[in-house]
Amino acid sequence: MDDRNGWDQDTTRSTGTTHSPPQSFVEQANVSDPGIYEAFEENRPACWERAADLLSWDDEYETVLEDEDPPFYRWFPDGRLNAAYNCLDRHLEAGRKNHAAIRWEGKQGERRTYTYRDLYVEVNEFAAALRELGVEEDDVVTVYLPMIPELPIAMLACARIGAPHSVVFAGLSADALATRMEAADSEYLVTCDGYYRRGDAFNQKSKADNARIGLEQNVQTVVVDRLGDDLPHVLGEDEWDYHELRDEFASETVEPVSREAEDMLFLMYTSGTTGEPKGVVHATGGYLAHVAWTSHAVLDVKPADTYWCAADIGWITGHSYIVYGPLTLGTTTVMYEGTPDYPDRDRLWEIVDRNAVDIFYTAPTAIRAFMKWGSEYPDQHDLSSLRLLGTVGEPISPRPWNWYRDTVGGGDCPVVDTWWQTETGAVAISTLPGIDDMKPGSAGPALPGIDVQIVDQAGDEVAPGEAGYLTITRPWPGMARTLYDTDEQFVAEYWRRFSDPDTGEWRYFSGDTARIDEDGYITVLGRVDDVITVSGHRLGTMEIESAIADVDGIAEAAVVGRSNETGDTEVYAYVSTERNRDANAAVRRAIFENIESAIGSIARPEAVVFTPELPKTRSGKIMRRLLEDVANGEELGDTSALRNPEIVGEIQAEIEADGGGRRS
Ligand code: WTA
């Protein structure tokens, strides 16, 4: 097989050690009855009512699942609800108006607490303002904000008036923003003047301005003044100041729009196998039910908790587990704007300590960094408030898993390793912390009601211990409904490979490889497509390659992921130039500049290796697997299928001469 990630790459993953959840945790867990697996299995799809029951519905649904037109499933289709109502109003009605909803920790050490009442007021005011600007139900509003409270406020204001939001990660470039706004035909943008990066003011508005220049549509733009005098800005035509709008609509309230469960709540663009980002569409009812249910059952969130998911709201993790999941359950969600090592490497632990955080959820890349920095940083703080730890985004191997549990969790916190994707909407594989034993390095069993199978090329289940493709049969509430504007691509990307529409057997393909053990525990191995995860950002190698290929004088580029000493993935680029063109420093600079303007600095390669040619098969296909092995210093397999096998040695020599291709 010529998929990118080999099956056998990680035989060291499982240590064989399992940990049972501590009794003290089990006793207080939201879900602790092992019978739940069977209860779900025996009662499908009605079992998902348990998730939907965590929500307040305007009109109760009668049908749980409508599956006449697979893979376009409809969940709770005759129910109606509003997501902002579920996140705000109902907690006020329950007498919890003074309970903290968001505790925001700014980059400059600022702190702001929003009670549910505060959040309700501001969301209403901004919803009224959006309406006044012309936003109607089903208009897509693009939100291009860093981790400031106005980001979730804008999302909830959109949800309140039934306008789907499309949040674009603030670190992405002007071009990336423009592409997404154009694809979604979005005529509204919420952004800010800028934000602080390691103490320096960084201009965000100029990126937004550049994006708007290239767009055909007029864009009404709201600008949050984050930096004040540190970065003065002027407002032009169609531009509005966020705070002035709020003043204008002070104390106004807006009736939450009752949405059909299947109406779109938001769009989230993510990288895929094609060069173009995909607009993943999430529906209101099923998505909200699934994120609320998993926040309850997997993350064990309770209203009295202080809960912290240290992700960015610009990606799906933040949508589901900083905003919608915790707020639906009425808990206190911590929102952190900064980085883990500024002003010092104990920053996160200081925040945990000061806020007495109960639940902490982060990514393996962060955990590996903490481990590298050493236990002296967590040791400086009292972390005894922590009850549960979580990880998401990439496979985590046993060593950082154990370090996390022992050093951050004090040895007695369960750790949930949660597997899911932008497309699954919410967690699909994880141990239930109040029930299941944990096996470091393995995410755990599929959640109750989720049917994961690991299959071979033919779609047949593989034996335990063997690697295969991670697929899901039978629908689940949080699943993506389609790709914006292209049902066809939705079917092609996720369903066609393993489904047989003739027999009515539909099988979702995640793009991941995994293996399952005798107990049904799933170890995720990696992706098979051209997607790499760099510091928690999902990047399409094709997007990076086309940005490189746009540079004058470049013939071709191949981008792969390279695992560094810490275990983090870095972008590694192989580039061939056109005949008679030198691979000089100017070309290298142009490559970096092009990538930054097409995608953002997160996609900047760690290394650029110039080569006269890329290794290709006789049919002309670039051998990416081989290039990945070269980048990772792995032993190379059979190269006889290559048309130009001699090039491999040349590339290796170039890397050696160059100290890993790492000159910049
Ligand atoms: C990977 C992030 C191993 C996987 C929520 C998936 C994981 C991709 C895990 C989705 C995990 C996520 N163990 N791998 N616990 N969680 N992944 O869309 O490859 O940004 O397909 O969603 O991250 O990334 P996305």
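For the single chain, residues carry numbers from 1 onward in sequence order. Just follow the structure's listing: the first ligand is 1, and inside any ligand the first atom is 1. Below, all heavy atoms of this structure are taken into account, side chains as well, without hydrogens, waters or symmetry copies.
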My understanding is that we take every heavy atom of each candidate and find the minimum distance to atom 19 (O) of ligand 1. Doing that for T418, D512, T317, I532, which one comes out nearest?
D512
Using distance alone, decide if ligand 1 has a nitrogen or oxygen within less than 3.5 Å of any nitrogen or oxygen in T422.
yes
May I ask you to say whether R562 pairs ionically with E606, meaning some side-chain N is under 4.0 Å from a carboxylate O?
no
Report the part of I316 in contact with ligand 1, treating N, CA, C, O as backbone and CB onward as side chain, heavy atoms under 4.0 Å; options are side chain, backbone, both, neither.
side chain
Electrostatic pair D437-K439, nearest N-O below 4.0 angstrom
no
Taking the side chain as every heavy atom from C-beta outward, state whether I313 and M335 have any atom pair closer than 4.5 Å.
yes
Region of V524 that comes within reach of ligand 1 [heavy atoms, distance under 4.0 Å]
side chain
Which residue supplies the protein heavy atom nearest to atom 21 (O) of ligand 1, what is that atom called, and how far is it?
R527 NH1, 2.7 Å
With under 30° as parallel and over 60° as perpendicular, where do the rings of F509 and F498 fit, or are they tilted in between?
perpendicular
Against heavy atoms of V392, which atoms of ligand 1 measure under 4.0 Å?
5 (C), 16 (N)
W420: heavy atom below 4.0 Å from ligand 1, yes or no?
yes
For F72 together with F490, are the ring centres under 6.0 Å from each other?
yes
Can you tell which of L388, T391, L386, L383 makes a side-chain contact (heavy atoms from CB on, under 4.5 Å) with F360?
L386
Given H319, Q421, R538, H537, which one has a non-hydrogen atom that is nearest to atom 20 (O) of ligand 1?
R538
Has R507 got its NZ or CZ under 6.0 Å from the middle of the six-membered ring of Y469, at an angle within 45 degrees of the ring axis?
no
Atoms of ligand 1 less than 4.0 Å from G393 heavy atoms?
1 (C), 7 (C), 9 (C), 12 (C), 16 (N), 17 (N), 23 (O)
Does ligand 1 have a heavy atom under 4.0 Å from the side chain of A443, from its backbone, from both, or from neither?
neither
Atoms in ligand 1 flagged as close to P395, the criterion being non-hydrogen separation under 4.0 Å:
3 (C), 13 (N), 14 (N)
Under a 3.5 Å threshold, yes or no: a donor from one side chain and an acceptor from the other, between D487 and T482?
yes
Among all protein heavy atoms, pick out the one at the shortest distance from atom 13 (N) of ligand 1; state its residue, atom name and that distance to 0.1 Å.
E394 O, 3.3 Å
